Asks: 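Before I ask anything, let me first share the structure, which is written out below as structure tokens.
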Amino acid sequence: MEGFQESEVTQARIEHIEGLREAGIEPYGRAFDRTHTAAEAIEFFKSTEDTSVEKFQTDPVKIAGRVMNKRMMGKAAFANVHDLSGNIQIYLRKNDLPEGAFEPCVKELALGDIIGVEGPLFRTKTGEITIHATEVTLLSKVINNLPPLKEVEQEDGSIHRFFEFTEVETRYRQRYLDLLMNRETRETFLRRSRALNIIRREMDALGYLEVETPMMHHIAGGAAARPFMTHHNTLDLDLYLRIAPELHLKRLLVGGMEAVYEINRNFRNEGVSVKHNPEFTMLEAYKAYGDRDTVMDLCEHLISTAVTEIFGEPKLSYQGTELLFERPWKRVTMTDAIEEVTGVKVDIRDSVEDLIKKGEELGLNLEGSDSPGRIINTLFEEKVEETLVQPTFVLDYPTVISPLAKQKPDNPDLVDRFELFIFGREIANGFTELNDPAEQHKRFNEQLQEKDKGDEEAHEMDLDYVNALRCAMPPAGGIGIGIDRLVMLLTDSPSIRDVILFPLLRPRE
RNA sequence: GGGCGGUUAGCUCAAUCGGUAGAGCAGCGGCCUUUUAAGCCGUUGGUUCUGAGUUCGAGUCUCAGACCGCCCA
């Protein structure tokens with residue numbers, strides 16, 4: 001049996017736990033019927049406090065949580081118990097606890113133990129609302145020596161911390177410790193959950209149906225990215241983890257579902273960075289009889305609603321920069337954006353030679369590029385993206401890099417597509433969906449040629465998808481929103497790893 | 001993939017020019033029945049990320065590697 005190397009501390013804790021059992025005290029309890037959370041208990045006291053009564057105390061309450069601080073004073077002790085709602089002080093006095101409870105349960109209480117406490121609420125001499133314990137129930141004893149937590153709430157509500165648990169690697173590897181010790185981490189993930197709730201509520205209200213499509217694909221399509229591979233043993237079948245749900249969601253449009261969305265994981269076999277985790281969460285939505293503008297509007301609505309609800313106004317501060325979400329957001333075509341930033345005027349109808357020359361003027365080596373669309377996209381990525389700090393919709397993408405989008409009626413080299421940039425980062429992408437099966441077939445074939453030329457991210461041929469289009473897909477608009485990157489903005493998190501509970505790390509030996 | 005930085009006690013961090021590896025908190029023992037960074041007295045705890053090298057002597061210098069972070073592709 002594999003095991004743990006016990007230190008003096010953990011060995012002593014294990015022996016103490018065995019001792020409790022021998023004394024008839026169960027160290028790992030069962031269901032505990034709380035009457036209040038810590039925050040509710042404090043609220044309960046405040047709402048019932050009668051200041052005309054000397055030594056006022058409430059009816060008994062029952063709370064449960066983790067002991068994060070203990071001040072032992074011989075035959076009495078104070079401790080702080082944390083639960084998800086907050087923190088409450090408990091007062092443990094030997095004479096007020098059941099016979100035989102104080103020595104083994106209170107004196108041996110370790111930081112990190114999970115306990116249940118019953119008793120009335122009162123105010124201490126220093127005015128702190130406290131539970132005067134008449135019962136203590138051990139619910140789960142710690143073995144490991146947890147980092148110490150000492151923090152004090154200031155009068156202005158901020159928290160002053162005396163010791164910190166900040167080591168990035170341990171925070172990611174042992175997220176449970178991070179969540180336990182750092183309230184900012186808890187708040188980040190609570191806010192993530194809240195943002196998703198807001199988005200789902202809005203999507204549901206707008207009549208979008210939430211669906212789940214496969215994570216395992218025969219063909220990794222719907223985006224330009226390298227996939228992860230896996231294998232089904234019984235069917236002896238190579239499969240890919242999906243890089244996007246797009247083609248399946250659009251099959252649902254063919255099937256008559258008129259507005260669908262999915263919030264789920266995508267997997268891309270790429271590098272790891274502040275903006276990239278190999279698995280990440282994406283919202284994709286498709287609206288039949290809509291177009292790019294329908295979903296651009298949806299995007300603006302969802303994000304501005306989330307920001308406004310969470311911050312109380314349509315703005316937030318991210319890494320020291322104020323970001324303004326008041327609608328409507330700036331809209332600019334890709335070529336206009338390039339001209340605004342660089343002063344260089346480019347056009348999709350320019351020759352490759354001219355565009356390479358213009359790129360050189362801007363310090364970019366574009367030798368070997370073979371299409372105006374790709375060059376313009378590179379110019380945009382290199383020169384413009386990082387300048388788009390305030391929410392900005394960039395419109396009219398080259399057709400060559402958008403194999404699933406519909407061409408503009410007046411210019412087949414461009415598609416009706418947008419990407420949303422905030423703080424220089426791509427947050428969302430949407431377009432009018434290509435629903436012409438012949439054109440789609442042709443675009444897939446063009447992608448295959450790119451793949452032959454060595455583009456590992458070129459799109460695969462998906463004949464089954466073309467076949468679905470042959471059964472007629474209604475005109476539609478579709479959008480993808482990177483949820484992790486959005487949550488980074490909403491939580492002022494510098495790295496995508498700060499908003500993913502268990503980010504991918506190399507295993508540690 | 002490349003560059004830079006980091007890794008010392010459970011946690012946060014020191015360690016001068018290469019010269020006995022320290023502190024606070026946590027832990028352990030003792031005192032203490034309204035404390036709150038509780039206090040007071042005492043005390044344990046180290047593969048200095050790993051391996052090799054230089055040296056009388058390496059946490060410190062050199063080389064290789066691991067992991068993490070940041071930047072770049």
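Computed from a predicted model, the values in this text were never measured in an experiment. Excluded from the calculations below are hydrogen atoms, water molecules and symmetry mates; all remaining heavy atoms, backbone and side chain alike, are included. Order of the sequence lines fixes the chain letters, A, B, ..., with proteins taken first and strands second; residue numbering starts at 1 for each chain.
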Asks: Indicate whether OP1 or OP2 belonging to B:U35 is found under 4.0 Å from a side-chain N or O atom of A:R71.
Replies: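 Result: no.
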Asks: Are A:F56 and A:F45 close enough that their ring centres sit under 6.0 Å apart?
Replies: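 Aromatic pair counts; centres sit under 6.0 Å.
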Asks: With a non-hydrogen cut-off below 4.0 angstrom, is A:E151 in contact with a base, only sugar-phosphate, or nothing?
Replies: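 No contact at all - A:E151 keeps every heavy atom at 4.0 Å or more from the nucleic acid.
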Asks: Counting the atoms with a prime plus P, OP1 and OP2 as sugar-phosphate, which does A:N144 contact under 4.0 Å by heavy atoms, base, sugar-phosphate, or nothing?
Replies: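 Contact class for A:N144: none.
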Asks: Please determine, for B:G18, whether a Watson-Crick or G-U wobble partner exists with both distances under 3.5 Å, and give it or none.
Replies: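 WC or wobble partner does not exist here.
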Asks: Check whether any side-chain heavy atom of A:F418 sits under 4.5 Å from a side-chain heavy atom of A:N429, and report yes or no.
Replies: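 Side-chain contact under 4.5 Å: no.
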Asks: Considering only atom P, compute the distance from B:G2 to B:U20 and round it to an integer number of Å.
Replies: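 After rounding to an integer number of Å, I get 38 Å for this pair.
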Asks: Any ion pair linking A:D350 and A:K358 (charged N to carboxylate O, less than 4.0 Å)?
Replies: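 A:D350 and A:K358: salt-bridged.
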Asks: Identify whether the distance between the nearest side-chain nitrogen and carboxylate oxygen of A:R191 and A:E184 falls below 4.0 Å.
Replies: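 A:E184 and A:R191: not salt-bridged.
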Asks: Give every pair of a protein N or O atom and an N or O atom of nucleotides 24-31 of chain B that lie under 3.5 Å apart, one pair per line with the distance.
Replies:
unit_1 : atom_1 : unit_2 : atom_2 : d
B:A26  : OP1    : A:K150 : NZ     : 3.2
B:A26  : O2'    : A:N145 : OD1    : 3.0

Asks: Could you give the distance separating B:A66 and B:G45 at their C1' atoms, to the nearest angstrom?
Replies: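 Pairwise C1' distance, B:G45 against B:A66, rounds to 26 Å.
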Asks: Cation over ring, A:K62 on A:F32, under 6.0 Å and within 45°?
Replies: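 Pair A:K62/A:F32 counts as cation-pi.
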Asks: Mind checking A:Y91 for me? I need base, sugar-phosphate or nothing, with any heavy atom below 4.0 Å counting as a touch.
Replies: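 Touches a base.
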Asks: Once you apply the 3.5 Å cut-off to both distances, tell me the Watson-Crick or G-U wobble partner of B:A66, or none.
Replies: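 By the stated definition (distances under 3.5 Å), B:U7 pairs with B:A66.
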Asks: Please measure how far the P atom in B:A9 lies from the corresponding atom in B:A14, and state the result in whole Å.
Replies: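 Per the computed distance, 12 Å lies between those P atoms.
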Asks: What's the gap between B:U8 and B:U48 when it is taken at their P atoms, as a whole Å value?
Replies: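 12 Å, rounded to whole Å.
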Asks: Just do the ring-ring contact (aromatic ring centres under 6.0 Å, His included) check on A:F380 and A:F421 with the steps written out, would you?
Replies: CA-CA 12 Å; A:F380 174 76; A:F421 290 86; 5.4 Å; yes
Asks: Between A:R13 and A:N145, is any pair of side-chain heavy atoms under 4.5 Å apart?
Replies: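 They are in contact (side-chain heavy atoms under 4.5 Å apart), so the answer is yes.
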Asks: If you measure from the C1' atom in B:A38 to the same atom in B:U33, how many Å do you get, rounded?
Replies: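 Pairwise C1' distance, B:A38 against B:U33, rounds to 14 Å.
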Asks: If you measure from the P atom in B:U16 to the same atom in B:C4, how many Å do you get, rounded?
Replies: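 Approximately 24 Å lies between the P atom of B:U16 and that of B:C4.
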Asks: Counting heavy atoms from C-beta on, name the nucleotide in B:C71, B:C67, B:U35 closest to the side chain of A:R506.
Replies: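 That would be B:C67.
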Asks: Taking atom P in both B:A15 and B:C61, compute the distance separating them and give it to the nearest angstrom.
Replies: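 13 Å, rounded to whole Å.
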Asks: Check the phosphate of B:C68 against A:R173, side-chain N and O only, distance under 4.0 Å to OP1 or OP2. Yes or no?
Replies: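 For A:R173, the contact criterion (side-chain N or O under 4.0 Å from OP1 or OP2 of B:C68) is met.
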Asks: When you measure from the side chain of A:K75, which nucleotide among B:U33, B:C70, B:U35 comes out closest?
Replies: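 Looking only at heavy atoms from C-beta outward on A:K75, the closest nucleotide is B:U33.
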Asks: Do A:R417 and A:Y397 form a cation-pi contact, if we require the NZ or CZ to be under 6.0 Å from the six-membered ring centre and within 45 degrees of the ring's axis?
Replies: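 Positive - A:R417 is close enough to the ring of A:Y397 and near enough to its axis.
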Asks: Nearest heavy atom decides the nucleotide; on that basis, is A:P494 or A:F122 closer to the 5' end of RNA chain B?
Replies: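 The residue closer to the strand's 5' end, by nearest nucleotide, is A:F122.
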Asks: Between B:U60 and B:G51, how far apart are the two P atoms, rounded to whole Å?
Replies: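 The answer is 13 Å between these two P atoms.
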Asks: Where each residue is assigned the nucleotide of RNA chain B containing its nearest heavy atom, which of A:E128 and A:D96 is assigned the position nearer the 5′ end?
Replies: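 The residue mapped nearer the 5' terminus is A:D96.
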Asks: Has the side chain of A:E169 got a donor or acceptor atom sitting under 3.5 Å from an opposite partner on the base of B:U7?
Replies: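 By the distance-only test, no, there is no pair.
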